[in-house]
Amino acid sequence: MKKLSQSFYEQSTLEVAKNLIGKVLVFDNKKAVITETEAYFGDDPASHGANGMTARNYPMFGPAGNTYVYFIYGMYYCLNFTTEKVGFPAAVLIRGIKMIDTGEHFDGPGKLCRALNITKKQNNIQTFKSKELYIADEGIKLKCKKKTRIGITKNIHKKWRFVGIEC
DNA sequence: GAATAGATCCGC
DNA sequence: CGGATCTATTCA
């Protein structure tokens, strides 16, 4: 099992989002294949980073390969991985996973974090250094489809969602 | 300090 | 569609 190094996350956000499909998310001894991601970066009005840094979105401006966990609608956490350079706001939202052990499938960023028990404690972790939370390449190959993003009201026509299709 | 909108999910 | 009810922004 190959843990992804920081250089993987330093590519363009769209590349990272696409390449994360089929990778394995490891958290607290649980392993899950990433099946769906979305890209948020730069001055995209749908991105949290579009209007500058705040106490909540600062990990997006930090170095690539960190987690960015935010709390939304008073009930749900969402897990992201930061990409690109320091000072440039960019992250990939994890929207769907499949547990390797149980085969359970979780769709939706809120449900996924609830299932994995991810909270603010997991915010801004350096995944390429962490033993608790990181992404590995297990050589799984999935077909990848481009689609429009979900749950946003701005910039809705950009096909920045990536969905893995099992072969 | 109040009002509002948001990368969500669930139940009616 | 509305409720749950946190966070950041805007307005007064």
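The sequence lines fix the lettering, A, B, ..., with proteins before strands; numbering per chain opens at 1.
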Expressed in angstrom and rounded to an integer, what is the separation of [X] atom [atom1] from [N] atom [atom2]?
X        : N     : atom1 : atom2 : answer
A/Asn57  : C/dC6 : CG    : C1'   : 15 Å
A/Lys111 : C/dA4 : NZ    : P     : 21 Å
A/His48  : C/dT7 : NE2   : C1'   : 10 Å

[X] has a side chain; which of [options] sits nearest to it?
X        : options              : answer
A/Arg114 : C/dA8, B/dA7, B/dC9  : B/dC9
A/Ala55  : B/dC10, C/dA8, B/dG6 : C/dA8
A/Arg56  : B/dA7, B/dC10, C/dA8 : C/dA8

- Item | Residue pair A/Glu132 / A/Ser130, side-chain donor-acceptor N/O under 3.5 Å |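 Per modelled atom types, A/Glu132 and A/Ser130 side chains form no pair under 3.5 Å.
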
- Message: Looking only at side-chain N and O atoms, does A/Thr13 offer a donor or acceptor that is under 3.5 Å from a partner on A/Glu84?
- Response: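 Short answer, yes.
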
- Task: Describe, in one word, how the ring planes of A/Tyr70 and A/His48 are oriented to each other, choosing from parallel (under 30°), tilted (30 to 60°) and perpendicular (over 60°).
- Result: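 A/Tyr70 vs A/His48 ring planes: perpendicular.
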
- Task: Counting Watson-Crick and G-U wobble pairs only, both distances under 3.5 Å, name the nucleotide matched with B/dG6, or none.
- Result: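 Looking at the geometry, B/dG6 pairs with C/dC6.
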
- Examine B/dA7: is either OP1 or OP2 under 4.0 Å from a nitrogen or oxygen in the side chain of A/Arg161? Give yes or no.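 Answer no for this pair, as no side-chain N or O of A/Arg161 is under 4.0 Å from OP1 or OP2.
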
- Task: May I ask you to verify if any side-chain N or O of A/Thr153 is less than 4.0 angstrom from the OP1 or OP2 atom of B/dG6?
- Result: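 The answer is yes; a side-chain N or O of A/Thr153 sits under 4.0 Å from OP1 or OP2.
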
- Item | Euclidean distance for P, C/dT5 against B/dG1 (whole angstrom) |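 The same atom, P, in both gives a distance of 22 Å.
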
- Query: For the rings on A/Trp160 and A/Tyr40, is their centre-to-centre separation under 6.0 Å?
  - Reply: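 No: the rings miss the under 6.0 Å criterion.
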
